[in-house]
Amino acid sequence: MISKTRFVEIKAGLESKKGEYSDEMIKEESKIKNIVLKDQAKQNIYEIINQIKEEIESFFYNASYDDLKDLVNIVVDKVIVPKDKTKEVKIIMKIP
């Protein structure tokens, strides 16, 4: 059992450090919020990437010959086929 005066001393010490502890808690809370926001941003990016991937796969699965031809014409500038069959075919892409 502690005396009343010792209790008052302990309480006063804790009260004096209350502001310091509060500042530390605010800093820690800010760190945690930043971590959570980063994790949410990563998750959102992965969801968007998966949606885009699904749309692309759907396009190629359902695309007609003309759709694919149009896509190639949009993306490919030139196709160089060498006469020497030991050399590689070169595809030059258009850069938008």
Side-chain angles (χ1 to χ4, degrees):
M1 198 162 169
I2 60 171
S3 67
K4 186 174 182 180
T5 55
R6 180 67 182 138
F7 175 76
V8 171
E9 288 173 4
I10 293 170
K11 184 177 177 185
L14 290 174
E15 288 290 331
S16 68
K17 293 192 175 200
K18 186 177 180 180
E20 182 183 327
Y21 295 147
S22 179
D23 291 344
E24 286 297 317
M25 289 300 291
I26 290 170
K27 288 178 188 176
E28 290 300 316
E29 181 184 21
S30 177
K31 288 178 188 177
I32 291 170
K33 283 182 181 177
N34 285 338
I35 291 169
V36 168
L37 289 174
K38 285 179 186 177
D39 289 344
Q40 287 175 344
K42 282 182 185 177
Q43 184 62 32
N44 290 343
I45 289 169
Y46 289 134
E47 287 175 11
I48 291 168
I49 289 171
N50 285 336
Q51 288 173 354
I52 292 170
K53 182 181 175 185
E54 288 174 8
E55 287 179 24
I56 291 170
E57 288 173 352
S58 174
F59 170 79
F60 281 104
Y61 182 75
N62 297 313
S64 67
Y65 173 79
D66 288 335
D67 292 335
L68 296 173
K69 184 176 158 185
D70 290 342
L71 180 63
V72 168
N73 287 331
I74 290 170
V75 177
V76 176
D77 187 33
K78 288 183 195 175
V79 176
I80 301 170
V81 180
K83 291 182 181 180
D84 183 1
K85 295 190 183 224
T86 59
K87 296 185 179 180
E88 294 180 352
V89 173
K90 293 183 183 178
I91 299 174
I92 300 171
M93 307 297 287
K94 293 179 186 175
I95 300 176

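All values reported here derive from a predicted model rather than from experimental measurement.
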Is there a side-chain contact between E9 and R6, using heavy atoms and a 4.5 Å cut-off?
->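 In short, these two side chains touch, coming nearer than 4.5 Å.
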
Hey, could you give me each pair passing salt bridge (Lys or Arg N to Asp or Glu O under 4.0 Å) that has a residue in residues 48-62? Not counting sequence neighbours.
->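 Listed once each, the pairs would be none.
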
Between [X] and [Y], is there a shared hydrophobic cluster once you connect ILVMFWY residues whose side-chain heavy atoms come closer than 4.5 Å?
X: F7; Y: L14; value: yes
X: V81; Y: I92; value: no
X: F59; Y: I56; value: yes

Under 3.5 Å, is there a donor-acceptor pair linking the side chains of T86 and D84?
->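 The criterion, which ignores hydrogens and geometry beyond distance, is satisfied for D84 and T86.
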
Hey, is CD on E88 packed in by over 12 heavy atoms from elsewhere, all under 6.0 Å?
->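 Atom CD in E88 is not packed in, count stays at 12 or less.
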
Any chance you could measure N34, atom CG, to D39, atom CG, to the nearest 0.5 Å?
-> 11.0 Å

Sub-3.5 Å donor-acceptor pair from the side chain of D67 to the main-chain atoms of S64, do we have one?
-> yes

Report the hydrophobic cluster partners of Y46, with the cluster defined as I, L, V, M, F, W, Y residues connected by side-chain heavy atoms closer than 4.5 angstrom, directly or transitively.
-> none

Does I32 sit in a hydrophobic cluster with other residues, and if so which ones, taking ILVMFWY side chains as linked at heavy-atom separations under 4.5 Å, directly or through other members?
->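 Reading the cluster by chain and number, I32 sits alongside V36.
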
May I ask you to decide whether E15 forms a salt bridge with K11, counting only side-chain N to carboxylate O separations under 4.0 Å?
-> no

Using salt bridge (Lys or Arg N to Asp or Glu O under 4.0 Å) as the criterion, list what pairs up with K90, not counting sequence neighbours.
-> none

Minimum heavy-atom separation for V89 to P82, with atom names?
-> CA-CD, 4.0 Å

If you take all heavy atoms of I74 and K94, which pair is closest and at what distance?
->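 Shortest heavy-atom separation between I74 and K94 comes out as O-CD, 3.3 Å.
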
Provide the full list of side chain to side chain donor-acceptor pair (under 3.5 Å) pairs with a residue in residues 16-26, sequence neighbours left out, each pair given once.
->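 Pairs touching residues 16-26 that pass the test: none.
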
Set of residues satisfying side chain to side chain contact (heavy atoms under 4.5 Å, CB included) with respect to V76, sequence neighbours excluded |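 V76: side chain to side chain contact (heavy atoms under 4.5 Å, CB included) contacts with V72, V79, I91, M93.
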
